[in-house]
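Below you'll find the structure, written out as structure tokens, and then a few comments.
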Amino acid sequence: MSTTHASNASSSSSKAVVHRWSQTLIPTTRDAPSDAQMPSHIFMTRAGYIRPVGAGIYNYLPLAWRSLQKISHIIREELDAAGASEMLMPALMPTELYAGTKRDQDYGDLLFQLEDRHGRKTALGPTHEEVITDLMCGSLTSYKQFPLNLYQIQTKFRDEARPRAGLLRCREFIMKDAYSFHLELDGDAGLNATYDKMYQAYTNIFTRCGLDFSPVEAEAGPIGGSASHEFMVNCVNGEDTILVCPVSGYAANVEKAEIGNRNHDWTTAPTAEVTKHHTPGMPGIQLVAEHLGTDAAGMLKTLVMQTQEDTPRWVLAVVRGDHEVNEAKVRDAVGTAVQMADEKAAKEAGFAIGYVSPNMLEKLDMVMVIDPDAINNASWATGADESDHHITGFNWSRDLPSAQDKAIVADIRNAAAGDPSPRAEGATLEAKRGIEVGHIFKLGTKYSEAMGLSVLDQNQKKQDVIMGCYGIGVSRTLASCIESSHDDNGIIMPAAIAPYHVQIITIKPNEDGVLDHAFSLADELAEQGLDVLVDDRNERPGPKFKDADLIGIPLRIIVSSKAIEAGQVEFKQRTDEGKAQLINRSDVVDRCVSLIAH
RNA sequence: CGGGAUGUAGCGCAGUUUGGUAGCGCGUUUGACUGGGGGUCAAAAGGUCGCAGGUUCAAAUCCUGUCAUCCCGACCA
């Protein structure tokens, strides 16, 4: 790259480029395909960034690929600076690699599976924990090799039940995944130090990409592990809900968000007799509540779960009718993993599924966990423990006093907007939507134990290797950027990941000197490290302006014979309203450079 | 995986109810006039109507099957 003050902003490591519109492929369209709903999907298609190949499978055309390369380049710089090394693992992997971790079963249909000509079971990698752990089994031999942090940028495959929204949820997508290896948690070589470095690297990456994002605490999910954060692009169309405390700055995924202190009172005096009601054929809690003359918040929802132990115990989780039970929180309250009970087994044990009430506590040996909000009412509506019947008037102190001794009261539901903040007295949580573009985990020894990855430490003691893993959805990052940065006319790309920094539009390019002038200007810009797209098509100005708005290049220069004669060009940023402004030809290069470098 | 819908030219759609020559707009090609926010005129190219079977003298249209795509939900490092 040329020596320049803009070089740090030009994220391409090689020399800046000048490309002609007429010699690349940018198939813009006036209409979006009827199946595109989300703005990023509509505009990426209309602007000629992507074209569909099949459900959840896309061609990345030159504009998209240039952007993706720029995102990848930023990722490489930041991860290399954080001490990680790039490598590449295969997309194909033998299914037997999953023998130790059983994750092929956890993934289920999400895993693309195929058989090769010899009948060997093979999978297209949805992620690479098993491959890299297996690799390490044969290559990590001494405690002296730690810590180690390896990453790759690669195509991943997931057979999504329902791919949708263009690049936001694909079956084939580009992902950066990194894996770190340690012998201890603390200290310079420990997992925690690398985790913190990666947290910082992710913050740097998404900041450099020009994204409005929030790091939030997250559940580790089926990948397992002990701590995790998600990086969410803030966007009203996002699939994920996050909860934030405006006072303390606490932010967490809805799956993880804690709820601050809530009072509960067992002694509320009853206000009504227990009455049984016939409620046939009412599937939703909403319908039942209406029929009983109350609302969902006046009902108790009682879920039958089981511990995942060798001899499973029954677990009854009780929340207010308008709340959602959070399995992970139930797990923490009970002290062991739980899952929804098998319906058949639960019925055989005597649960009237769909009509279960807390009164079952007296009838069977079980663990009962109650959310504080499910206690305070004087009179609850709930199931009658027989098919097609509910009761009203249930009161904890009168009707089930034993719950006060036998049941566990704990936060076991998903947080919602308006709940008390767990980090600031008196503050309430707010709900926001986001798109997950990054996720970092402390895996611990889950994979090393399952696959036998251990080394001898300094004291010649065998130790399981401690792991972390760190993902970034590269193609999703591009889509989420557009999702949160566009207007009615098209995409507005941040300079750092735009396919080009500058677009030069020629007016009447077949007139003498116009094209020559445009290209010599383009060369000067490239000298300064800026990537330039020259719209050299012999089109009328209207369509060229419309196309420029669509593809969203940050800076626009308009070259016409009229302006050239006056020693001028026109200049406009993609974010500027209205017409371009005439500026001196001699100033335009510096102007572009300083805007890109800002 | 449940519920709903749709497959007709590159894109957006009409035609299907009531079987009878394959249509419209945009885009594309050629020529002319044009030239600052998706131009005008003239000419042209482009479709085995998703696929397979059936009914019929005759099927885009009716029947059966199948495949594909999308939407809502369930699911989701």
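Each chain gets a letter, A, B and so on, in the order the sequences are listed, and its residues count up from 1. Values below: every heavy atom of this structure, side chains too, minus hydrogens, waters and symmetry copies.
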Check nucleotides 27-34 of chain B against the protein and report each pair of N or O atoms closer than 3.5 Å, with its distance, or say if there are none.
residue, atom, partner, partner atom, Å
U34(B), O2, Arg540(A), NH1, 2.9

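- Distance CD1 (Ile42(A)) to P (C71(B)): 11 Å, rounded to an integer number of Å.
- At the heavy-atom level, Arg556(A) lies under 4.0 Å from base atoms of the strands shown.
- At whole-Å resolution of the value, CD in Gln37(A) and P in C70(B) are 11 Å apart.
- Contacts of Pro543(A) with the nucleic acid, taken as non-hydrogen atoms under 4.0 Å apart, include base atoms.
- In this structure, Leu110(A) atom CG and A74(B) atom P are separated by 16 Å, rounded to whole Å.
- Between Arg103(A) and Glu130(A) there is a salt bridge, since at least one side-chain N of the basic residue sits less than 4.0 Å from a carboxylate O of the acidic one.
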Under 3.5 Å, which protein N or O atoms sit close to an N or O of nucleotides 13-15 of chain B? Give each pair with its distance.
residue, atom, partner, partner atom, Å
C13(B), OP2, Ser34(A), OG, 3.2

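- Atom C1' of nucleotide C75(B) and atom CD of Glu327(A) are separated by 13 Å, given to the nearest angstrom.
- At a cut-off of 3.5 angstrom, the base of G36(B) holds no donor-acceptor pair with the side chain of Lys546(A).
- Within 3.5 Å, a donor on the side chain of Arg169(A) pairs with an acceptor on the base of C76(B), or the reverse.
- As judged by a 4.0 angstrom heavy-atom cut-off over every strand, Ala32(A) is placed among residues touching the sugar-phosphate backbone only.
- Whole-Å rounding puts the Lys579(A) NZ to G37(B) C1' distance at 7 Å.
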